[in-house]
Asker: 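Structure in C-alpha cells, see below.
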Number of protein chains: 2
Amino acid sequence: MDVTHDEAADNNAEDVFRLVVELSRKLMGEYEAQLERLDLTLPQAQLLRQLGEPRPMAEAAERLRCDPSNVTGIVDRLEKRGLVERKSVAEDRRVKQLELTDAGMRVRTEVERVVSAMPGLEALSTSDRDTLKDLLARSVAES
Amino acid sequence: MDVTHDEAADNNAEDVFRLVVELSRKLMGEYEAQLERLDLTLPQAQLLRQLGEPRPMAEAAERLRCDPSNVTGIVDRLEKRGLVERKSVAEDRRVKQLELTDAGMRVRTEVERVVSAMPGLEALSTSDRDTLKDLLARSVAES
DNA sequence: TATTGTTATACTCTATAACTATA
DNA sequence: TATAGTTATAGAGTATAACAATA
C-alpha cells in the first residue's frame with residue numbers, strides 16, 4: 001500500500017479487504033495460540049466444536065468446507081487421542097457417525113471457553129462494537 | 001451460532017470474532033480463487049507483492065511472518081517459473097536479494113489488479129464503508 | 001448406478017535442527 | 001561467535017482419483 005497519498009480520498013474495497021484480513025489474522029493468531037495449548041489445530045478444533053451432537057463424516061466435511069477425504073485424516077488424529085469415535089449406523093451401514101468421547105467433550109468445552117473469551121477487541125466501545133457487528137453482518141450476508 | 005435467540009442482547013467479542021473470521025474467509029476465498037487463475041498460492045502472491053523493490057530473503061520471511069527456511073521453497077517454486085531471481089549482493093555475500101524478473105513484474109501487476117478490484121463489499125454504502133474502515137483500523141491498531 | 005468413507009498420491013505450507021558460507 | 005540461507009526431516013492440511021462396501 002502507498003501510505004504517502006491522501007488517506008481521506010480512500011474509500012475502496014481494497015482498504016477494507018486489507019483491514020479485514022489483518023484483523024482476522026490477528027484474532028485467528030490469538031485463537032490458534034490458545035488452541036496450541038490444547039494441542040489442537042484449527043480444523044481439529046472446528047470439528048470438535050461441530051460435534052455438540054453426532055454427525056456423519058460427510059456432513060462434517062461439508063461444514064469444514066473441505067473434501068471428505070481430508071476428514072478421514074483429521075478424525076484419525078483425534079480418534080488416536082481418544083477425543084472422537086466413529087460409530088456405525090444401523091440404518092445405513094456406509095455411514096460413520098462421529099461422536100465425542102467424554103475426554104472429547106471436556107476438550108470441546110475448553111475450546112468453547114477460549115472462543116467466548118476471545119480478546120482483541122477492547123479498543124471499541126459497546127456501541128462501536130454493535131456498529132461493527134452490524135456492518136460485518138451485512139457484508140457477510142451479501143450473496 | 002444460535003440464531004433464534006435475541007440478537008439485540010448480544011454484544012460480545014465472540015460475535016465480532018466470528019463475523020470477522022467469516023468475512024475474511026469469504027474475501028480470502030474470492031482472492032484465492034483469482035490467484036488460482038494466475039497459478040499462485042497465497043504466500044507466493046504475498047511475496048510477489050512485496051517485491052515492488054528487491055529484498056533480502058530474511059526480510060521477505062519477516063514480512064511473510066514465517067520461518068526463513070520456508071522462503072527457500074517458496075522462492076524455489078517462483079524462480080523455477082522465471083518470476084523471481086536470487087541476486088548476490090557484493091557488500092555481504094551471505095545475502096541473496098530477491099528480485100522480480102520482467103515476467104514476475106507482469107504477474108505482480110495482475111495480482112495488484114485483483115486486489116484493487118476486490119469484490120465482496122457491495123452491500124455497504126460509501127459512508128458505511130468509511131465507518132467500517134475506521135472501526136477495523138482501530139481494532140487492528142490495538143496493541 | 002449412486003453414495004459413504006478410505007486409501008494412494010502428490011503438493012504446499014509449516015517449524016525445527018543441522019549445515020555451509022560468510023561476516 | 002553470529003548471521004544468511006539451505007537442506008533434511010517431519011507433520012498437517014489440501015485436492016484428485018481409484019477403490020470397497022453398501023444402498
Side-chain angles (χ1 to χ4, degrees), chain A residues 21 25 28-29 31-33 35-51 54-81 83-99 111, chain B residues 21 25 28-29 31-33 35-51 54-81 83-99 111:
Chain A
V21 170
R25 180 163 195 160
M28 288 300 289
Y31 182 39
E32 292 190 75
L35 292 181
E36 197 172 6
R37 295 179 43 225
L38 298 171
D39 197 22
L40 293 174
T41 63
L42 201 50
Q44 288 168 3
Q46 284 178 277
L47 183 52
L48 290 186
R49 292 192 72 198
Q50 281 183 28
L51 295 180
R55 293 182 195 291
M57 299 190 66
E59 192 180 320
E62 202 173 351
R63 288 178 163 240
L64 290 174
R65 295 186 224 180
C66 72
D67 192 89
S69 63
N70 298 322
V71 177
T72 299
I74 295 169
V75 169
D76 281 349
R77 290 180 274 276
L78 291 173
E79 194 170 37
K80 207 181 306 183
R81 289 167 58 183
L83 302 181
V84 166
E85 279 175 350
R86 290 166 160 99
K87 298 251 173 125
S88 287
V89 178
E91 305 92 64
D92 185 340
R93 280 156 53 194
R94 293 172 302 181
V95 174
K96 283 173 189 163
Q97 199 86 338
L98 297 178
E99 209 172 312
V111 174
Chain B
V21 170
R25 180 164 194 158
M28 289 300 289
Y31 183 40
E32 292 191 75
L35 292 181
E36 196 173 6
R37 295 179 44 226
L38 297 172
D39 197 22
L40 293 175
T41 64
L42 202 50
Q44 289 167 2
Q46 283 177 278
L47 183 53
L48 290 186
R49 291 192 73 197
Q50 280 182 29
L51 295 180
R55 293 182 195 293
M57 299 190 65
E59 191 181 321
E62 202 172 350
R63 289 178 163 239
L64 290 174
R65 295 186 224 181
C66 73
D67 191 89
S69 63
N70 298 323
V71 178
T72 299
I74 296 169
V75 169
D76 281 349
R77 290 181 274 276
L78 291 174
E79 194 170 37
K80 206 181 307 183
R81 289 166 60 183
L83 301 181
V84 165
E85 279 176 350
R86 290 165 159 100
K87 298 250 173 125
S88 286
V89 179
E91 305 91 65
D92 185 340
R93 280 158 50 196
R94 294 172 302 181
V95 174
K96 284 174 189 163
Q97 198 87 338
L98 297 179
E99 209 174 311
V111 175

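FYI, side chains are in, hydrogens and waters are out, and symmetry mates aren't considered; it's all heavy atoms of this structure. Per chain, numbering begins at 1; letters A, B, ... match sequence-line order. Computed from a prediction, not measured in an experiment: that's the story for all the values here.
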Asker: Are side-chain heavy atoms of B:Asn70 and B:Asp67 found at a separation under 4.5 Å?
Answerer: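 Yes, side chains in contact.
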
Asker: Any non-hydrogen side-chain atom of A:Pro54 less than 4.5 Å from a side-chain atom of A:Leu98?
Answerer: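 Of all side-chain heavy-atom pairs linking A:Leu98 with A:Pro54, none is under 4.5 Å.
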
Asker: Kindly point out which of D:dA4, C:dT6, C:dT14 is positioned nearest to the side chain of B:Cys66?
Answerer: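 So the side chain of B:Cys66 is nearest to C:dT14.
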
Asker: Using Watson-Crick pairs (N1 to N3, plus N6-O4 or O6-N4) and G-U wobble pairs, both distances under 3.5 Å, which stems of at least 3 pairs involve DNA chain D?
Answerer: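 In DNA chain D, stems of three or more pairs: C:1-23 with D:1-23.
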
Asker: In whole angstrom, give the distance that lies between atom CE of A:Met57 and atom P of C:dT7.
Answerer: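 Value for this atom pair: 10 Å.
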
Asker: Starting at atom CG of B:Asp67, determine the distance to atom P of C:dA18, rounded to an integer number of angstrom.
Answerer: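 Taking CG of B:Asp67 and P of C:dA18, I get 14 Å after rounding.
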
Asker: Any side-chain heavy atom of A:Arg81 sitting closer than 4.5 Å to one from A:Leu40?
Answerer: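 A:Arg81 vs A:Leu40: side chains touch.
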
Asker: Can you tell me which nucleotide in D:dT6, C:dT14, D:dT14 comes closest to the side chain of B:Arg86?
Answerer: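 Closest nucleotide among those given: D:dT6.
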
Asker: Please work out if A:Leu42 contacts a base, only the sugar-phosphate, or nothing of the nucleic acid, heavy-atom cut-off 4.0 Å.
Answerer: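 Touches nothing.
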
Asker: In whole angstroms, how far is the P atom of D:dT3 from the CD atom of B:Glu62?
Answerer: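 Going from B:Glu62 (CD) to D:dT3 (P), I get 13 Å.
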
Asker: Looking only at side-chain atoms of B:Val95, point me to the closest of D:dA4, D:dA12, D:dT6.
Answerer: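 Side chain of B:Val95 sits closest to D:dA4.
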
Asker: If only side-chain N and O atoms of B:Asn70 are considered, is one of them under 4.0 Å from the OP1 or OP2 phosphate oxygen of C:dT12?
Answerer: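 The answer is no; no side-chain N or O of B:Asn70 sits under 4.0 Å from OP1 or OP2.
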
Asker: Could you state the CZ-C1' distance from A:Arg77 to D:dA10, rounded to the nearest angstrom?
Answerer: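 Answer to the nearest Å: 13 Å.
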
Asker: Taking the side chain of B:Gln44 as its heavy atoms from C-beta onward, which of C:dT12, D:dA15, C:dA2 lies nearest to it?
Answerer: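 Of the options given, the side chain of B:Gln44 lies nearest C:dT12.
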
Asker: Please confirm whether the backbone N or O of A:Arg86 pairs with a side-chain atom of A:Glu79, one donor and one acceptor, at under 3.5 Å?
Answerer: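 A pair under 3.5 Å: yes.
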
Asker: Do side-chain atoms of B:Gln44 reach the backbone of B:Thr41 as a donor and acceptor pair under 3.5 angstrom?
Answerer: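 The answer is yes, because a donor-acceptor pair under 3.5 Å joins these two groups.
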
Asker: How many whole angstroms separate atom CG of A:Asp76 from atom C1' of C:dA8?
Answerer: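 Distance check: A:Asp76 CG to C:dA8 C1' gives 14 Å.
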
Asker: Is it the case that more than 12 heavy atoms not belonging to B:Glu62 sit under 6.0 Å from its CD atom?
Answerer: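 Not more than 12 within 6.0 Å, no.
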
Asker: Compare the minimum distances between each of C:dA15, C:dA23, C:dT12 and the side chain of B:Arg94, then state the nucleotide with the smallest one.
Answerer: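 Within the option list, the nearest is C:dA23.
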
Asker: Check if the side chain of B:Arg93 and the base of C:dT22 share a donor-acceptor pair of N or O atoms closer than 3.5 Å.
Answerer: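 Per atom types, no contact qualifies.
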
Asker: Tell me which nucleotide among C:dG5, D:dG13, C:dT14 gets nearest to the side chain of A:Thr72.
Answerer: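 So the side chain of A:Thr72 is nearest to C:dG5.
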
Asker: Return the nearest nucleotide to the side chain of A:Lys96; candidates are C:dA15, D:dA15, C:dT6.
Answerer: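 When the side chain of A:Lys96 is considered, C:dT6 is the closest of C:dA15, D:dA15, C:dT6.
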
Asker: Main chain of A:Ser88, side chain of A:Arg93: is a donor-acceptor contact present, judged purely on distance under 3.5 Å?
Answerer: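 Flag not set: sc A:Arg93 to bb A:Ser88 has no pair under 3.5 Å.
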
Asker: Tell me what A:Asp92 touches on the nucleic acid: a base, only sugar-phosphate, or nothing, going by heavy atoms under 4.0 Å.
Answerer: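 A:Asp92: backbone/sugar contact only, no base atoms under 4.0 Å.
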
Asker: Could you tell me how far apart B:Met28 (CE) and D:dT14 (P) are, to the nearest whole angstrom?
Answerer: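 Nearest whole value for this atom pair: 14 Å.
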
Asker: Can any side-chain N or O of B:Arg55 pair as donor or acceptor with the backbone N or O of B:Gln50 at less than 3.5 Å?
Answerer: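 Indeed, once roles are kept as given, a pair shorter than 3.5 Å links the two residues.
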
Asker: In whole angstrom, give the distance that lies between atom CG of A:Leu98 and atom P of C:dT4.
Answerer: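 Rounded to whole Å, this separation is 14 Å.
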
Asker: Hey, which sits more toward the 5' end of DNA chain D by its nearest nucleotide, A:Glu91 or A:Pro43?
Answerer: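 Nearer the 5' end of the strand: A:Pro43.
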
Asker: Could a donor-acceptor pair under 3.5 angstrom be found where the side chain of B:Ser69 meets the base of C:dT14?
Answerer: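 A donor-acceptor contact between them is absent.
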
Asker: Can you tell me the distance, in whole Å, between the CG atom of B:Leu40 and the P atom of C:dT12?
Answerer: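 Atom-to-atom, B:Leu40 to C:dT12, this comes out as 12 Å.
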
